[in-house]
Q: 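First, the structure itself, so that you have it in front of you.
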Amino acid sequence: MSLSTNCKETEILSVKLMNSIRDLLKDVDGEKRYNEPLSLHTSFRVGGNADVLFFPKDQGSLVLVVSIACENGIPIFILGNGSNLLVRDGGIKGIVISLKKMKRNIEIHSGIHERVLVVSPAGTSMPRLVRHTVDKALEGLETLIGVPGTLGGALKINAGAEGKEIGGIFHSLRMLNMKGEVKEFMKNEVRFNYRGTEFPIKGIFLEATLELKKGNKDALSQKIKRLLEKRSASQPITQIGAGSIFKNPKDHYAGQLIEEAGLKSLSIGDAEVSPKHANFIINRGKAKSKDIEELIKVIQEKVMVKAGIFLEPEIEITGEH
């Protein structure tokens with residue numbers, strides 16, 4: 001998720017500024033990796049380097065790095081699990097921030113009307129969060145077991161499966177704005193759409209509260225087992241790739257439209273439309289980001305010619321060409 005600093009923004013960072021980032025961050029707690037290949041951090045296994053990949057130690061170090069970026073006109077990009085993301089071969093300029101190493105526990109509290117509130121860091125992976133709630137015999141999140149990203153990423157796109165979306169169980173969100181202030185937003189302040197969410201401001205998700213209900217642990221465990229088996233049978237989850245490439249148009253399935261256009265197994269370089277499910281693109285091993293992006297454009301063009309429908313990408317495409 002790319003964020004504007006809303007301060008001293010510059011379209012092109014000077015070489016002098018980029019050389020000074022190391023000095024600017026030297027006293028900030030957290031792990032810093034310079035010129036880090038983002039292909040190591042995306043499920044597509046493609047993408048150029050990040051000028052800096054930063055793992056904040058805690059909320060304090062996150063606030064500090066945001067303030068530094070704001071004051072110096074350095075763009076920020078928030079990296080989740082990299083599972084719904086295509087980073088271009090030129091990489092990402094500025095500071096890429098991952099919240100994976102900000103350690104906080106998942107908390108469970110009693111809500112009203114026998115509801116249970118689950119408070120989780122935004123950087124928690126969805127499979128981990130789902131299994132944690134099922135282990136506590138809590139119902140409402142289990143259909144999202146196949147979502148490979150983080151909680152923050154799931155909220156950003158209103159992730160859904162089996163007819164249910166995360167917006168349906170959303171309670172509230174704590175967010176860091178670009179001034180370093182923590183803001184909280186309740187459900188009535190957030191608008192959930194199909195594969196998209198509108199928040200009052202732009203910022204960095206810190207933690208979210210979900211509203212679940214008590215269920216049967218054994219029944220929930222069996223349900224996620226069935227859902228994972230179903231996903232394995234219908235999607236190329238053992239191959240290198242991302243999630244669904246395109247949103248489903250109204251009254252249509254993107255995979256079916258792509259298949260009807262005769263595009264299954266179409267390839268550019270080592271990027272290929274999955275023979276197993278046409279709404280997935282796989283990296284056969286040596287694909288470049290430009291191959292995947294070009295394949296996406298070809299699919300869009302051919303489906304438009306065949307069906308008169310424009311396929312809107314579900315994945316985020318970012319970075320320098």
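All values below come from the heavy atoms of this structure, side chains included, with hydrogens, waters and symmetry mates left out. One-based numbering along the sequence shown.
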Q: Can you confirm whether Gln59 sits close enough to Val182 that some side-chain heavy atom of one is under 4.5 Å from a side-chain heavy atom of the other?
A: yes
Q: Mark yes or no for whether Asn279, through its side chain, and Gly255, through its backbone, hold a donor-acceptor pair below 3.5 Å.
A: no
Q: Are Lys187 and His171 packed together at the side-chain level, in the sense that at least one heavy-atom pair is separated by less than 4.5 angstrom?
A: no
Q: Starting from Val298, walk the hydrophobic network (Ile, Leu, Val, Met, Phe, Trp, Tyr; side-chain heavy atoms closer than 4.5 Å) and list everyone else you reach, by chain and number.
A: Phe44, Val46, Leu86, Ile245, Phe246, Leu257, Ile258, Leu263, Leu266, Ile268, Val273, Ile281, Ile292, Leu295, Ile296, Ile299, Val303, Ile309, Leu311, Ile315, Ile317
Q: Would a line drawn from the ring center of Phe185 to the ring center of Phe199 be shorter than 6.0 Å?
A: no
Q: Side-chain donor-acceptor pair under 3.5 Å between Asn193 and Glu198, yes or no?
A: yes
Q: Under a single-linkage definition using a 4.5 Å side-chain heavy-atom cutoff for Ile, Leu, Val, Met, Phe, Trp and Tyr, are Leu220 and Ile166 assigned to the same hydrophobic cluster?
A: yes
Q: Between Met175 and Ile201, what is the shortest heavy-atom contact and its length?
A: SD-CG1, 3.6 Å
Q: Would you mind checking if Glu293 and Lys288 are paired as a salt bridge, meaning a charged N to carboxylate O distance below 4.0 Å?
A: no
Q: Check whether Leu210 and Ile106 end up in the same hydrophobic cluster, where Ile, Leu, Val, Met, Phe, Trp and Tyr are linked by side-chain heavy atoms less than 4.5 Å apart.
A: yes
Q: Would you say the side chains of Asp58 and Ser61 form a donor-acceptor pair under 3.5 Å?
A: yes
Q: Should the ring pair His41 and Phe55 be called parallel, tilted or perpendicular, given that the plane angle runs from 0 to 90° and is split at 30 and 60?
A: tilted
Q: Side chains of Glu181 and Lys183: closer than 4.5 Å at any heavy-atom pair?
A: yes
Q: May I ask you to decide whether Glu139 forms a salt bridge with Lys214, counting only side-chain N to carboxylate O separations under 4.0 Å?
A: no
Q: Would you call Arg195-Glu312 a salt bridge at under 4.0 Å N-O?
A: no
Q: I want to check a possible cation-pi pair here: Arg22 against Tyr34, using under 6.0 Å from ring centre and within 45° of the ring axis as the test.
A: yes
